[in-house]
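Before any comments, here is the structure.
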Amino acid sequence: MPLSQELLLEMYRRMLRIRQFETAASDLFRRGQVKGTVHPYIGQEASGVGVCMALNRDDLIAGTHRSHGHNIAKGADTAKMMAEILGRATGYCQGRGGSMHIAAFETGSLGALAVVGSGIPLAVGAGLAFKLRGETRVAVPFTGEGGTNTGNWHEGMNMAAIWSLPVLFVLENNHYAVSTNVDDIIKVKDLSLRAQAYGIPGVRVDGFDVVAVYTAAAQAVARARSGEGPTLLVTECYRLEGHYAGEPEVYRSRDEVQAYWQREPLGRFRREMTAAGTLSAAQLDAIDAEVEQEIAAAVEFAKNSPLPDPATAMDYIYA
Amino acid sequence: MPLSQELLLEMYRRMLRIRQFETAASDLFRRGQVKGTVHPYIGQEASGVGVCMALNRDDLIAGTHRSHGHNIAKGADTAKMMAEILGRATGYCQGRGGSMHIAAFETGSLGALAVVGSGIPLAVGAGLAFKLRGETRVAVPFTGEGGTNTGNWHEGMNMAAIWSLPVLFVLENNHYAVSTNVDDIIKVKDLSLRAQAYGIPGVRVDGFDVVAVYTAAAQAVARARSGEGPTLLVTECYRLEGHYAGEPEVYRSRDEVQAYWQREPLGRFRREMTAAGTLSAAQLDAIDAEVEQEIAAAVEFAKNSPLPDPATAMDYIYA
Amino acid sequence: MAAAERDAVSLGSAKPTLSPDLITQAPAGAPAQELTYQEAIRAALREEMQRDPAVFLLGEDIGKHGGAFGVTRTLFDEFGPNRVINTPISENSIVGAGTGAALVGMRPVMEIMFVDFSGLAMDQICTQAAKLRLMTGGQVKVPWVLRMPQGGGAGKSIAAQHSQSLEVWYAHIPGLKVVLPSTPYDAKGLLKAAIRDDNPVIFLEQKFLYSFRGHVPDADYVVPLGQCDVKRSGADVTIVASGLMVWYAMLAAKILAPEGIDVEVVDVCTISPLDRATIGRSARKTGRVVLVAEACKSYGPTGEWAMTVMEEAFDYLRAPVVRVTGRDTPIPFADSLEKGAWPETEDVVQAVHQVMAW
Amino acid sequence: MAAAERDAVSLGSAKPTLSPDLITQAPAGAPAQELTYQEAIRAALREEMQRDPAVFLLGEDIGKHGGAFGVTRTLFDEFGPNRVINTPISENSIVGAGTGAALVGMRPVMEIMFVDFSGLAMDQICTQAAKLRLMTGGQVKVPWVLRMPQGGGAGKSIAAQHSQSLEVWYAHIPGLKVVLPSTPYDAKGLLKAAIRDDNPVIFLEQKFLYSFRGHVPDADYVVPLGQCDVKRSGADVTIVASGLMVWYAMLAAKILAPEGIDVEVVDVCTISPLDRATIGRSARKTGRVVLVAEACKSYGPTGEWAMTVMEEAFDYLRAPVVRVTGRDTPIPFADSLEKGAWPETEDVVQAVHQVMAW
Ligand SMILES: Cc1ncc(C[n+]2csc(CCOP(=O)(O)OP(=O)(O)O)c2C)c(N)n1
Ligand SMILES: Cc1ncc(C[n+]2csc(CCOP(=O)(O)OP(=O)(O)O)c2C)c(N)n1
Ligand SMILES: [Mg+2]
Ligand SMILES: [Mg+2]
């Protein structure tokens, strides 16, 4: 059955929030106002939003070094997120985490871990707890294609499979791990094949098509909730920006990147939805304006927020 | 083409050496003359011998905690091995390694590592060196089915696959990891399926049939030597003894073990070879006598060998 | 592995000098029973599992088999497969799964068969679990316990990959607590405290001690984390030790008493956070300090203890702090080489003579 | 990651007080050029790869991209894909593969992007490579080098999983050698020595130092492993330090000189095996010792150094050894919190005043 206008509009809103948030964050980073590093999610918006719109608030996602988008897709507040990236006391992690560890537990996160692959067993453990307690919640670890070569990925897939845990493994193939192309580190072209080693279903979808991602995710989530176990969902997308904001990208051609820009998920969504008459340009324009304001306000909020008080430096080391 | 009598007799000799060696070692252990632990290879003789007879002396095997059999199959001297197990200065590792780390480098070993899965990347690295230097040697890591759930296994399979290294991954499915049955920790029934995740061939053979193992291994080795890359070879066998000598085995029934004893590789080999008239009982009886003497002599040699001199305690920590 | 255990048992009893009466802790009068260190750990697990449904066990072969050293034996039959869970051989993910379960309200107690294998799980232990609370600005806590047998003892002969003492790897990482009990009484009380603690706790069990016996009260009790325990009070010299070394220290004290040397023994049963005050107090009292650790010498626990004495009692020192430690070597298999790799009671006695003679 | 690098560069130069002239090592007269610490490491790699065909590089994104901090930049173009090999994200297996290659005669130099990720490779580093030679009774050796950037420096802001200093994890394991150079001269000379050494060597690179400049001789030279280097000789107080902390120590010495306090600076550029003699000699000379390490305080390197002073120079001490270390905390992201997590030059100056005033 077709998706409701409301749902479609919310998908667009969250994808746009991600795009605008990343653009603003990268900009602040280039101007030296963000310390450390920023890993933009641009090009993958449909993947995170398609998956997270298929989840409930109390389902949990495990993030990575590139999880601004995952948090926003799950419903996180962009102001508290921008504040975190600027290292402010008002950020989700009170400035302790920054861009790489940004995690909004109030909207259903298990944390964002910057060691590639390390979030996977956390999601498996959460799924185990859900099953032991007879809850119908689902745990969703996000991993890049580079992350599937870590031992964590293999161990986690196997554990979830043998215990048939309510886990949806989302493998976002954005084609690069820093400078390394997927074809240089994985021999199989269809990454969903890797599910066969564990005897679980592997599904592959166009990661630029938010509706396709949502539909596939919804099926896998239903399967998990009904106790049938984990699924591997591969979303084929692309990292349209450098590995981190300002990264030189010596390893790929501008043409390659340009070609993918033609397929970026927001423009495509607008084209398809308006062409089919499912949504009107006016509806989408309204969201454009709304989100532009929201992100501008988030930046203001962050900039005007205080830094953490040095007197609190020893807080939160032990519970 | 049929295998030569000479080759078949050598297969029998090595399988029997393993059987007798393990029996003697377990016996010494029960009588408290071997310290630490002994992990018998009984039930898997055809797997190790079938694989190693397909290798050259300068091909290298990476062992595990259960590698008495792998070393003997590769041609190691049983006297130096027994001496090692008794912690004598005349042992392969001068008494420093003992049963779990016994490794005969002179006959083509990369070491025996007792951390499950840890030997795999070593073999991958040796294979990488062979390829970089344009050598046609092959590296062969042995792993149990339990070991295939380690991160090492996944990472190593993937590396060998993407670089098409001359590595033969031997997965010995003896059905148990300590007390844990394979069906409780791996969902797929055919473990050779796991090769598909890496885009390499997976082959499954009867691990009680030394000729079948040899034939499959020889093909995979030829493939590796000719630069076509790694193969996963699954040998279906069974751990006929406890995880270690004297282990209580509370997790499986005597009947199950008895049933598998009916299929044990040495009796089967003798039956088939004599029935087909390929080998005569007399030829095999001669080897029985020869090996019995050899192992008795090995035990004598070991018992009469000196313990390492405490004055040498700080040797071999640094090169 | 249980072979190692069997050795421990036989050797434990074959070493009459290390008799249970060297240390008595159970309050006189109160109902108690004599348990081994291994039984005391099992009792703590059972009682905490009965008390709190959020507590469950995760590890390799901990079900019917009872784990590498039989510690969890009978618990599978008592609590079933949802409370005692056998895992694949995936150390890093066992710990990671424990962390994930802890993040959603469970209190997992995990077992890694030998601390030596924890090298595979260092990322989840030290880089994830230990840091999650701070990285998230206190949004979460990670209440788990990771049980790991470690160390050796004369004649264990399980060689380089099954014999290490690695408390320092974990004690150096803020966010973790590290415990190493020396007696059945402490083992039970500290494990209960660890399970009730809201932080990730590394619970190290000295393998040779599994067969050691001691009186353990029937009543529910905890031994608080973060404190050293003065196992023997004395006036002349302080021996700071942990795990099996505490027994060597107590035995040394007994051997030295007739010579008129009155030894105080400080048991660092919580390695981290370190109770510096108790070490300092004792050092100021005696002015002479011997440090004893089973771990390798260089960059081992004795360094931190020595610095603590320096910071807390420098002006009171009448002799340099002397240490007795494991040798800087991977543990060799052969008896004749292994023997010298670990401290012996005689080494402790000699060290005390050394500081007394200064 | 290169973002962190960029910070290092800008901040490095924005800290004029830490100027190259604080340390001069290149023999006067001999032809030399000014290189950064990063360039000196690259030069060592290039020269050793030219000298010995068995040397090759293994790591993530070390090819065209040049690695997380650009250290291997240009080497891929110069030596090609058989000498500079990009790997999948598989840290434990990168090290394990290096060990396997070393066992058959290669001399791999591996890179792990941040020492923080080495928790994933501890098994291959500490439980396999470090122990293989002993376990096999000397049948083999494992000649490899593992390069790992570590540490921070004010304003790096890459938070808890990219900022640690973990030399102790490795220094505690016999069979490994652990190096942490403080200058371009030492970085080049020590790396060449490490590559030519027949043992597994952990080569730690302090990230904040990558942009630091110094004169490096054109001629081939090595700085031998296993020795401390007296970077400044003085009569009144000894500062024992390593890595970035050596610069703080040198700066402190400069600040204190006008006060008439003559500081000796001992650079522990090889963390393990520790050169106890040099530390002892200096401590006996000055009788006052300050220890400075970037790593967390508890169970960090300063403990072992303090014990060494105790063993080598107790009778000569005129004040307790004082240490300046990183805080016992996971590194927080925010500037305002991160600042206090690491030692600053001022802390070193204050510690010297403290021991002088005793
Ligand atoms: C275990 C580990 N190794 C290396 C790194 C450095 N690193 C950060 S992101 C990254 C690439 C990850 O690629 P992928 O999993 O595809 O995620 P993406 O960056 O494409 O989102 C690497 C190697 C890390 N953070 N963790
Ligand atoms: C990483 C690791 N975890 C646990 C152990 C303890 N252990 C020793 S052997 C073994 C079972 C291994 O099973 P498998 O790989 O099937 O080999 P098998 O014993 O059957 O030959 C275990 C868990 C270990 N040695 N290493
Ligand atoms: Mg990617
Ligand atoms: Mg098995």
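Chain letters run A, B, ... following the sequence lines, proteins first and then strands; every chain starts at 1. Fair warning: this is a prediction, and the values are worked out from it, not measured in the lab.
- Residue D:V140 touches chain B through its side chain alone, counting heavy-atom pairs closer than 4.5 Å.
- Proximity to chain D (any heavy atom under 4.5 Å) is shown, for B:I120, by neither the backbone nor the side chain.
- B:S118 is not listed as a side-chain neighbour of D:T127, based on a closest heavy-atom distance of 4.5 Å or more.
- In this structure, chain B has a heavy atom under 4.5 Å from the side chain of D:D123, while its backbone stays farther away.
- At a 4.5 Å heavy-atom cutoff, the contact between B:A104 and chain D is made by backbone atoms alone.
- Comparing B:V124, B:L113, B:T312 by how many heavy-atom pairs each has under 4.5 Å with chain D, the most go to B:L113.
- Between B:L60 and D:L103, the closest side-chain pair of non-hydrogen atoms is not below 4.5 Å.
- Of the listed residues (D:A102, D:G105, D:S93, D:P143), the one with the most heavy-atom contacts under 4.5 Å to chain B is D:S93.
- The contact between D:I85 and chain B is made entirely by side chain atoms (from C-beta outward), counting heavy-atom distances below 4.5 Å.
- Interface summary for chain D: among B:E106, B:E155, B:H154, the most heavy-atom pairs under 4.5 angstrom belong to B:E155.
- Proximity to chain D is limited to the side chain of B:N158, based on heavy atoms less than 4.5 angstrom apart.
- When atom types are taken as modelled, the side chain of D:N199 and the backbone of B:A319 share a donor-acceptor pair closer than 3.5 angstrom.
- Inter-residue side-chain proximity for B:C93 and D:Q139 is flagged as met; some heavy-atom pair is nearer than 4.5 Å.
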